[in-house]
Structures are given as structure tokens and as C-alpha cells.
Amino acid sequence: MKRKKYTRKVAAKRHKNTRKRANLRRIMVLAVLVLTLLGTGFFLKQKISYYYALYFNKTAHKKLKNSEREAARIQKIISENLDKTYGLDISHYQNKEDITWDSLSIGNKTIPLEFVVMRATMGNRNADKHFNDFWEQAKKHELIRGAYHFYRADEDPVRQANNFLENVKLEAGDLPPILDIEKIPRKKSKEKLVEDLKVWCKIVEETYGKKPIIYTYYHYYKDFLKGEFDDYPLWLANYNDVPTPSPDDHFDFWQFTENGIVHGINTKVDLDLYNGSLWSLKSLTLD
């Protein structure tokens, strides 16, 4: 076979092709670095803005203040969970005029509140007087909404479920129904209480096609409900200086204080975190 003559023209062409490939590699490496920096910046944006505001742009509520111990505990929980999603829950204990819906945030205004849960009904026949107004305001301001029923342990589970369904019309994008159980029955055994709670859940689940979220205090869950609602989303209240609401159980929501100070609200509220991202929270909502 005749050997191809290596000329200056061939050498220049090879050099040009080698340089093109090298430049392409540089561009690809640079693109990966830029995307990595953008992704890292997006991921750290919340942390950077939070810590900057904490040390250089700290704000104080005009009317509300916590003890140093409670303020430090809340700050610690938020600092350790900046990748989580935050919200609040309200009821008629908050006046309508106390809430400015378009500016709800915590962490020196760096962390927006993405969801709001409100009490809708209580027991066999009672309804929260502010529910309808709060419900519409939350939708108007594009917050993820949740409605809960305050369960009265000695009353009828069927009537309580019907009370909730008559007063609450959940829509796509809302959280599943929420059952708030925190009182010990006086006339029923533990076994009867669990049986009745399952009746309430079954009726409501058949209506909306999703298991209700169970809200309760950590010790109440441990003493009365543990092992009975393992496949239900769990929302635990624990106001102690702990890293999570339960040392043993998975949780979906954590109500970590009843002394929450929120930019945009002139009264203290319950603050909650969802144990995941905003995208994950949206995947939990009704279709």
C-alpha cells in the first residue's frame, strides 16, 4: 500500500481539527461548571439570604416578641431545616384584620410561607367562623391550602365526618383532609377511640380518594395512635428543643412552635415545616 504523503497542508488540517476538539472539550467543561455553579447557587440561595439577613439585615416585629430561649429554639430549627418548606396554621383565634396575606414570611423576610392550614370544623356540628374567609384569601394569594377537623373524642365519628364534608369543598392543589386529634376521651376506651377515628378517615377518604393527614402531639401519637395509622401522612406537634418531632417515627409535617412570629401577621401563630421540598409538597396535594 502506498503511504500517504505527510505535507504541510495535511499537518495544518490535523492541527486545526485537534484544536477544534480541544476547544469543544473546553466549552463542554465550562458549560458543566456553569451549570454546577448555577445549581449550587440556586440550592444555597435560601441559606445565603437567610444568614445574611440574620447577621446584617435583622428585622423585628413591631408588636410581637418571644423570650430569648424560644427565639433561639425557633431560629435553630429553621437554620437546620432551610431545605424544607414552611407554612402556618390558623383559626378564629386570629382576627381577619390581623393578616396581610400578600407578605407572609419568616426568617427576617427571607423564607416565604408556602402553605396555610386552617381549622374548618369541630365535633358533630360546629364550624370555624373565619374558615370561609381564610379559605378564599389563601386561594387568592396562591398558597397551598389545607383544612382540618378538630375531632372531639367523645362525639360521633360519622356525624363529625359529615360535618367536615358539608363545610369543606377541597379542590385540586389543596392538601388532603386533615384530622386533628389531641384530646383523651372520657367515655371511650383507647380501642374505641382508634376504631372511631378510622371510621372518620374511611368516610372522608372515600369522598376525596386520598388518606387524610393525621395531626396530633408527639406523646399522644406515641401513647394512643402508634401502629394504627402507619400508612397515613403524619403531622406531629412538638415544641421542645429537639432536632425532629419524633426520635423514632417518620413524619411529614412538624408543628414546631405555637409562638411563631410572622411578617404580615399581628398575632402569634403556629408554625409548621413540611419535611421536603415545595415540589414534593405539591405532589401530596389533590389531583
Side-chain angles (χ1 to χ4, degrees), residues 50 53-54 58-82 84-122 127-150 168 174-175 178-182 213 215-218 235-242 245 251-275 278 281:
Y50 173 77
L54 181 63
K58 197 164 187 176
T59 60
H61 199 285
K62 292 180 180 178
K63 296 183 178 180
L64 306 175
K65 188 177 180 180
N66 277 323
S67 67
E68 287 187 13
R69 182 178 180 181
E70 179 68 355
R73 189 185 70 83
I74 293 172
Q75 180 182 306
K76 180 182 177 183
I77 290 171
I78 294 174
S79 299
E80 293 175 350
N81 291 278
L82 289 172
K84 304 300 192 298
T85 308
Y86 286 84
L88 73 161
D89 57 277
I90 53 178
S91 67
H92 75 261
Y93 295 112
Q94 285 74 44
N95 296 318
K96 291 184 283 186
E97 58 272 17
D98 283 335
I99 304 175
T100 305
W101 286 90
D102 58 358
S103 61
L104 303 181
S105 60
I106 57 174
N108 296 303
K109 305 181 186 179
T110 63
I111 301 174
L113 297 181
E114 305 285 1
F115 66 93
V116 56
V117 176
M118 54 206 82
R119 186 172 69 176
T121 49
M122 305 87 79
D128 192 286
K129 64 181 181 180
H130 290 337
F131 173 73
N132 290 329
D133 182 76
F134 287 164
W135 194 245
E136 290 304 315
Q137 287 291 336
K139 181 178 182 179
K140 179 180 177 182
H141 291 87
E142 299 182 340
L143 294 165
I144 296 174
R145 305 181 299 181
Y148 72 87
H149 175 78
F150 184 86
V168 179
D174 293 334
L175 291 172
I178 301 165
L179 176 62
D180 177 345
I181 174 64
E182 52 190 83
I213 298 168
Y215 165 90
T216 191
Y217 290 92
Y218 161 66
W235 179 6
L236 290 177
N238 191 330
Y239 306 150
N240 295 305
D241 188 10
V242 290
F251 70 96
D252 297 279
F253 296 87
W254 177 12
Q255 185 181 99
F256 58 91
T257 182
E258 59 184 348
N259 295 307
I261 297 176
V262 174
H263 175 71
I265 301 182
N266 288 326
T267 183
K268 291 183 181 181
V269 296
D270 299 332
L271 282 180
D272 311 282
L273 67 82
Y274 170 69
N275 191 24
L278 179 59
L281 177 62

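The first residue of the sequence shown is numbered 1, and numbering continues consecutively from there. Values below: all heavy atoms of this structure, side chains included; hydrogens, waters and symmetry mates excluded.
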Do [X] and [Y] have side chains that get closer than 4.5 Å, going by heavy atoms?
X      : Y      : result
Asp252 : Asn275 : no
Asn238 : Tyr217 : no
Met118 : Asp89  : no
Asp270 : Asn259 : no
Leu104 : Ile99  : yes
Pro245 : Trp254 : yes
Val117 : Ile178 : yes
Tyr218 : Val242 : no

Counting distance only, does the side-chain N/O of [X] pair as donor-acceptor with the main-chain N or O of [Y] below 3.5 Å?
X      : Y      : answer
His141 : Leu143 : no
Lys139 : Ile144 : no
Arg119 : Phe150 : no
Asp174 : Gly146 : no

Which pair of heavy atoms, one from [X] and one from [Y], lies closest together, and at what distance?
X      : Y      : value
Tyr86  : Ile77  : OH-O, 4.0 Å
Asn95  : His130 : CA-NE2, 4.2 Å
Lys63  : His61  : N-ND1, 3.0 Å
Leu281 : Tyr274 : N-CE2, 3.4 Å

*Passes side-chain contact (heavy atoms from CB on, under 4.5 Å), Val116 versus Ile90? Steps please.*
CA-CA 8 Å; Val116 56; Ile90 53 178; 3.9 Å; yes
Just verifying a value: how many Å separate [X] [atom1] and [Y] [atom2], rounded to the nearest 0.5 Å?
X      : Y      : atom1 : atom2 : result
Ile213 : Trp235 : CD1   : CH2   : 7.5 Å
Gln137 : Asn132 : CD    : CG    : 12.0 Å
Phe131 : Glu136 : CZ    : CD    : 9.0 Å
Leu113 : Leu271 : CG    : CG    : 6.5 Å
His149 : Tyr215 : NE2   : OH    : 14.5 Å
Lys96  : Asp133 : NZ    : CG    : 4.5 Å

*Looking at Ile111, Asp272, Leu278, which hits side chain to side chain contact (heavy atoms under 4.5 Å, CB included) with Thr85?*
Leu278
_Residues Ser105, His263; criterion side chain to side chain donor-acceptor pair (under 3.5 Å); working and verdict_ = CA-CA 5 Å; Ser105 60; His263 175 71; 5.1 Å; no
*Please report the C-alpha distance between Lys76 and Asp241 in whole Å, then the side-chain angles of each, then the deciding distance to 0.1 Å, and finally whether the salt bridge (charged side-chain N to carboxylate O under 4.0 Å, His left out) criterion is met.*
CA-CA 9 Å; Lys76 180 182 177 183; Asp241 188 10; 3.7 Å; yes
Taking atom types as modelled, is there a side-chain donor on [X] or [Y] under 3.5 Å from an acceptor on the other?
X      : Y      : value
Asp128 : His92  : yes
Gln255 : Tyr239 : yes
Asn266 : Lys62  : no

*Parallel, tilted or perpendicular, as decided by the 30° and 60° cut-offs, for the rings of Phe253 and Phe115*: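 Perpendicular.
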*Could you tell me whether Glu97 atom CD has more than 12 heavy atoms of other residues or ligands within 6.0 Å of it?*
yes
*State whether the number of non-hydrogen atoms from other residues, nucleotides or ligands found under 6.0 Å of Glu142 atom CD is greater than 12.*
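Counting other residues, nucleotides and ligands, CD of Glu142 stays at 12 neighbours or fewer.
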*Run the salt bridge (charged side-chain N to carboxylate O under 4.0 Å, His left out) check on Arg73 and Glu70 step by step: do they pass?*
CA-CA 5 Å; Arg73 189 185 70 83; Glu70 179 68 355; 3.1 Å; yes
*Candidate pair Phe256 and Ile74, rule side-chain contact (heavy atoms from CB on, under 4.5 Å), full reasoning*: CA-CA 8 Å; Phe256 58 91; Ile74 293 172; 4.1 Å; yes
*CA sep, side-chain torsions, deciding dist, call: Val269, Thr257, side-chain contact (heavy atoms from CB on, under 4.5 Å)*: CA-CA 8 Å; Val269 296; Thr257 182; over 6 Å; no
